[in-house]
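Order of the sequence lines sets the chain letters (A, B, ...), proteins ahead of strands, with each chain counted from 1.
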Amino acid sequence: MQSINILWFKRDLRLTDHVPLHRAIESGLPTLLLYIYEPSLVSAPEYDLRHWRFIWESLESMNQELKNYNTQVSIFHDEVLNVFHQLKDQFNITSVYSYEETGIKITHDRDKSVQSFCNAHKIKWQETQTNAVVRGLKNRTGWAKLWEKYINGSMVNPNLRKLKPIELPTMNCGYEIPASWKTPHAKFQKGGTATGLRYMQDFFQNRIHNYSQHISKPLESRRACSRLSPYLAWGNLSLRQVFMAQEDHKQTVKYKRNHHNFSSRLRWHCHFIQKFEMEDAMEFRNLNRGYNTLKRSENSEHFEAWKNGQTGYPLVDACMRCVTETGYMNFRMRAMMVSFLTQNLWQNWKDGATWLAQMFLDFEPGIHYPQFQMQAGVTGINTVRMYNPVKQSQDHDPQGIFIKQWIPELNNVPIQFIHEPWKMTSMEQTLYQFKLGVDYPKPIVPLAETAKIARDKIWAHRDDPIVLKEGKRILAKHTFRNRRN
DNA sequence: TGGTTATTAAT
DNA sequence: TTAATAACC
């Protein structure tokens, strides 16, 4: 039997700055490049067609480049262990190389079973640290230094010329790859390193000058922000690749404020993933278990209204519809959507987190859950930020252009009512041929009242002894101790 | 990178 | 009376 190594791609769909691929190639053995679509992940509620499509585009982009080296990524659609078992029957597998994944429970459990499989068959599984996320830390002491070390390290570009092609026998591995995964969709960003690089170059050359000014605006942010999030989430680009490009470009401009603001957000990226890496129960439970006793309501009608953009609050509804259609939303509006669900509608964060995971093309578990819980106010260490959608609307979409783009029912509503259509009198509704409650819903909950109730409850609960005790634990584990407060 | 309300300072 | 600031949720 032929001895081979396996390079198992997960959320690292690229060929540049790829340490495991480099190590696999340099080992000297022929390396099988492998990607596996897993049915158990495909059926998980966090994932959506948009993700499988993005992955397909990423793989195609890799295979396009690999043509020059007479090889391809082998793509399967079956459970990982089934694929590994069949490969083991065909080859003498020496090592499996991959990146460490900070994922949801399904992928974590799968990794544990892969580890047992490897142990049982004397296969060495060599995992490499992903970006600046460090496995096995007990607290954050020294983590900032590790981040610096990673970000200032050199890129590791594998020598693809050394790849030795492998004849793969016909294998009976699971299912066809659905045609819908291979069909591009114009409204979503296209996957692949080449596309990611084009976004990056365009950002630094043409768009970053509006970054700080437009970052909070639902419409303008779509152009002024980098739009690199899906390429980072799926590993089309490495974090330091983006960071270094930013540093290089910063040297060429006079005003560095935008670069500074952008790079500070690149810093936050690994900070949150590290938090989830060290506290993966956040996928299911409140980080601060003191909040378990603060009960939320369960109202499926409210939840459905939120999901479908039918809450009666124009900016909330526009954002929800937009993210469903396009997979992207800027940070502030994401925070507002979550704030409305968990504070005004007083719903648990879990179902909302699952839904938006599905909708965000850039779904990154390690950022998603910590952010969601912070916004839901269940960490006990962050101040609760409750967004007023009317104020956000007046501040960041004053002309209602974004709102009207996503809520055509409001097309007839004049600008003075676009943020608060419920304030139109029946005479004005007749005048503008718009009927509240017919053309567009009345607000499903009163804004000021629900906000006050939520604020009072959340803040009263801050003094709960378990919240305080947990707060201390969380601070010690997840924040930088050498800092004051 | 919140919002609301009470308090104080500035006209 | 209003703008700025602090306190509180």
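Remark: A:Ser221 pairs with A:Cys225, A:Asn330 by the side chain to side chain contact (heavy atoms under 4.5 Å, CB included) rule, at least two apart or across chains. Judged as a ring-ring contact (aromatic ring centres under 6.0 Å, His included), and not counting sequence neighbours, A:Trp459 has no contacts. Every residue meeting the ring-ring contact (aromatic ring centres under 6.0 Å, His included) condition with A:Phe272, not counting sequence neighbours, appears here in chain and number order: A:Trp268. A search for side-chain hydrogen bond (donor to acceptor under 3.5 Å, both in side chains) contacts involving A:Gln201 returns nothing, not counting sequence neighbours. Scanning for side-chain hydrogen bond (donor to acceptor under 3.5 Å, both in side chains) contacts around A:Thr379 gives A:Asn382, with sequence neighbours left out. Every residue two or more places apart in sequence or in another chain that forms a ring-ring contact (aromatic ring centres under 6.0 Å, His included) with A:Tyr47 is listed here: A:His51, A:Trp52, A:Phe363. With sequence neighbours left out, A:His396 forms a ring-ring contact (aromatic ring centres under 6.0 Å, His included) with no residue at all.
Applying the side-chain hydrogen bond (donor to acceptor under 3.5 Å, both in side chains) test to pairs two or more places apart or on separate chains, those with a residue in residues 336-349 of chain A are A:Asn286-A:Trp349, A:Ser297-A:Gln347, A:Asn344-A:Thr450.
For DNA chain B, the outermost nucleotides in 5' to 3' order that have an atom under 4.0 Å from a heavy atom of chain A are B:dT1 to B:dT4.
Interface residues of residues 326-341 of chain A facing DNA chain B, ordered by number: A:Phe331, A:Arg332; criterion, heavy-atom separation under 4.0 Å.
The environment of NZ in A:Lys256 is crowded: more than 12 heavy-atom neighbours from other residues, nucleotides or ligands sit within 6.0 Å.
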N/O to N/O distances under 3.5 Å, protein versus nucleotides 6-9 of chain C:
from	atom 1	to	atom 2	distance (Å)
C:dC9	O3'	A:Asp456	N	3.4
C:dC9	O3'	A:Asp456	OD1	2.1

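Within 4.0 Å of A:Gln392, counting heavy atoms only, lie sugar-phosphate atoms of the nucleic acid but no base atom.
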Side-chain donor-acceptor pairs of residues 398-409 of chain A under 3.5 Å, sequence neighbours excluded:
from	atom 1	to	atom 2	distance (Å)
A:Lys404	NZ	A:Asn411	O	3.3
A:Lys404	NZ	A:Val413	O	2.9
A:Glu409	OE1	A:Arg321	NH1	3.1
A:Glu409	OE2	A:Arg321	NH1	3.2
A:Glu409	OE2	A:Arg321	NH2	3.1

